[in-house]
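The next block holds one structure in the form of structure tokens; read it before the comments.
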Protein chains: 4
Amino acid sequence: MINKVILVGRLVKDPELKYLEDGKAVTSITLAVNRNFKNQNGDYDTDFLNCTLWKKNAENTANYCRKGSVIGVTGRIQTRSYDNNDGQRVYVTEVIAEGVKFLSTKKEALV
Amino acid sequence: MINKVILVGRLVKDPELKYLEDGKAVTSITLAVNRNFKNQNGDYDTDFLNCTLWKKNAENTANYCRKGSVIGVTGRIQTRSYDNNDGQRVYVTEVIAEGVKFLSTKKEALV
Amino acid sequence: MINKVILVGRLVKDPELKYLEDGKAVTSITLAVNRNFKNQNGDYDTDFLNCTLWKKNAENTANYCRKGSVIGVTGRIQTRSYDNNDGQRVYVTEVIAEGVKFLSTKKEALV
Amino acid sequence: MINKVILVGRLVKDPELKYLEDGKAVTSITLAVNRNFKNQNGDYDTDFLNCTLWKKNAENTANYCRKGSVIGVTGRIQTRSYDNNDGQRVYVTEVIAEGVKFLSTKKEALV
DNA sequence: TTTT
DNA sequence: TTTT
């Protein structure tokens, strides 16, 4: 089946790089993506989309991006669930990045 | 900014059509989208993705699709949050459909 | 930069598999993709989009698909140019497939 | 069927705005999109992709963008053919923009 | 938990 | 709450 996502948005905070026990790099980021159309009050809502980056994508993003950086992410939507402390099932939907593109001000980021 | 999603998957149950007070048609569906790669146990996981359809898209899907139907959805990811009965904030991520395509067996569905 | 294409359409003829001198498998297919909106005469135009598939994607498509098969292709748009026999420069735009999904009638194709 | 394209690239020259006899605004632009992977010589090729913009998208792009501006385009691939002066059939593939996003340096362009 |  |  097909599952493709393409996002361009801004980092809501500095990315934090972690390493799993097996040495794999991971970073979880949240992208603020402003909508292109106005709501009933006449202003633009924004969606806050969680993305998970792996390996080189994780390391590069942690190295080159900061809160406010504009980033393009291509990937897929993934769902998972877990039981929280209150014994309730929590459903999580996030974007798993397959590619990342740095689009911020600095010219070199745009190559 | 950019926020695009393209999915092809199967309906996990019959779609239920509702009408809001203002007369607008809505349908919430869940698409089962099998992944194209195997997990560590050697089988294919599937993601269950909630999509919201509006107006003609909602009505047509309710009329022409059933549990198991293969559907293509194009749209965007949206986030929203609400407080549940226990006073906890719940975060919801769903796909808002802009286009829907019926891809099931019956030839006429594929036009 | 970002360059993503997602198509679902029908094969206009049986795919022909070739092998390059280095042993790499290639298949060039044309997808007929019906538009979702009517032209001024009230009928649906269709776009005929050339796609190039490599390796396993090429071999599987040649093995499992025929004229009329419904196929999903994800990939990127590529441009190239060459000089034809009359010494004229010809510009070619085609889709390079990164993933292929068989969506035809037969149930097993849809896994 | 499904036909979706998402591009982020740079304008290769200033956009030229035209108006058809019926008053509709059109702009044809070419986006230079650098590939994310190296060719056999170790450098990055770039694809030059023709896009056609209509109405407000055409006017805004002509007003706010210049050669070198970074632009996001979402839309579909379209094919058409015509006979050139030498009586030869020429096939054209281009991207018809449905949405445009200005991503250049100037902060305000990124809202 | 939210960016310009 | 999960489809083939």
Side-chain angles (χ1 to χ4, degrees), chain A residues 1-3 7-16 27-36 43-51 61 65-73 77-81 83 88-94 102-105, chain B residues 1-3 7-16 27-36 43-51 61 65-73 77-81 83 88-94 102-105, chain C residues 101-111, chain D residues 101-111:
Chain A
M1 323 295 294
I2 296 176
N3 180 344
L7 303 174
V8 174
R10 303 192 106 98
L11 280 185
V12 302
K13 57 169 186 275
D14 286 2
E16 275 171 57
T27 308
S28 287
I29 60 172
T30 299
L31 277 189
V33 183
N34 302 305
R35 293 188 194 157
N36 299 318
D43 33 49
Y44 295 97
D45 285 325
T46 104
D47 292 294
F48 295 94
L49 305 174
N50 298 314
C51 305
T61 302
C65 302
R66 291 290 162 264
K67 182 178 173 180
S69 297
V70 178
I71 294 189
V73 166
I77 316 182
Q78 184 163 106
T79 53
R80 62 192 165 82
S81 59
D83 297 312
Q88 289 181 302
R89 177 128 291 191
V90 179
Y91 293 91
V92 180
T93 302
E94 63 205 336
F102 307 141
L103 297 169
S104 266
T105 338
Chain B
M1 323 295 291
I2 295 177
N3 180 344
L7 304 174
V8 175
R10 303 193 105 98
L11 280 186
V12 302
K13 58 169 186 275
D14 288 0
E16 276 172 57
T27 308
S28 287
I29 60 172
T30 301
L31 277 189
V33 183
N34 302 304
R35 292 189 195 157
N36 299 319
D43 32 50
Y44 295 97
D45 285 326
T46 103
D47 292 295
F48 296 94
L49 305 174
N50 298 315
C51 305
T61 302
C65 302
R66 292 288 162 265
K67 183 180 174 179
S69 297
V70 179
I71 294 189
V73 166
I77 317 183
Q78 185 162 107
T79 51
R80 62 192 165 84
S81 59
D83 297 312
Q88 289 181 303
R89 177 128 292 192
V90 180
Y91 294 90
V92 179
T93 302
E94 62 205 337
F102 307 141
L103 297 168
S104 268
T105 338
Chain C
K101 202 71 220 168
F102 308 142
L103 297 168
S104 267
T105 338
K106 300 159 200 160
K107 255 83 186 193
E108 68 278 22
L110 287 164
V111 182
Chain D
K101 202 72 221 168
F102 307 143
L103 298 168
S104 266
T105 337
K106 301 159 202 164
K107 256 83 187 192
E108 67 277 22
L110 287 163
V111 180

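In what follows, chains are A, B, ... by sequence order, proteins preceding strands, each numbered from 1.
- Relative to the side chain of A:Asn50, the nucleotides F:dT1, E:dT1, E:dT3 differ in distance, and E:dT1 lies closest.
- Atom-to-atom, CE of A:Met1 to P of F:dT2 comes out at 18 Å; the value is rounded to the nearest Å.
- The CD atom of B:Glu94 lies 11.0 Å from the CD1 atom of A:Ile77; values are rounded to the nearest 0.5 Å.
- Minimum atom distance to the side chain of A:Thr30 is reached by E:dT2, of the listed E:dT2, F:dT2, E:dT3.
- Rounded to an integer number of Å, the gap from B:Leu31 CG to F:dT3 C1' is 9 Å.
- Checking the phosphate oxygens (OP1, OP2) of F:dT2, no side-chain nitrogen or oxygen of A:Tyr91 falls inside 4.0 Å.
- Distance alone, capped at 3.5 Å, is enough to place a donor-acceptor pair between the B:Asp47 side chain and the A:Thr79 backbone.
- In this structure, the nucleotide among E:dT1, E:dT4, F:dT2 sitting nearest to the side chain of A:Arg10 is E:dT4.
- Atom CG of B:Leu11 is separated from atom C1' of F:dT4 by 12 Å (rounded to the nearest Å).
- Close to F:dT4, at under 4.0 Å from its OP1 or OP2, lies no side-chain N or O of B:Tyr44.
- At the heavy-atom level, B:Ser69 lies nowhere under 4.0 Å from the strands shown.
- Remark: side-chain polar atoms of A:Ser81 are not paired, donor with acceptor, to backbone N or O of A:Arg89 under 3.5 angstrom.
- Atom CG in A:Asp83 sits about 9 Å away from atom P in F:dT1, given to the nearest Å.
- Atom CD1 of B:Ile29 and atom C1' of F:dT3 are 12 Å apart (whole Å).
- If you take NZ of B:Lys67 and P of F:dT2, they are 10 Å apart, rounded to a whole angstrom.
- Distance OG1/B:Thr61 to CD1/B:Ile71: 5.0 Å, rounded to 0.5 Å.
- Between B:Asn36 atom CG and F:dT4 atom P there is a gap of 18 Å when expressed in whole angstrom units.
- Between the C1' atom of F:dT2 and the CG atom of B:Asn34 lies a distance of 11 Å, rounded to the nearest Å.
- Between A:Asp14 atom CG and A:Lys67 atom NZ the span is 8.0 Å, to the nearest 0.5 Å.
- With E:dT1, F:dT3, E:dT2 as the choices, the nucleotide that has an atom nearest any side-chain atom of B:Arg89 turns out to be E:dT1.
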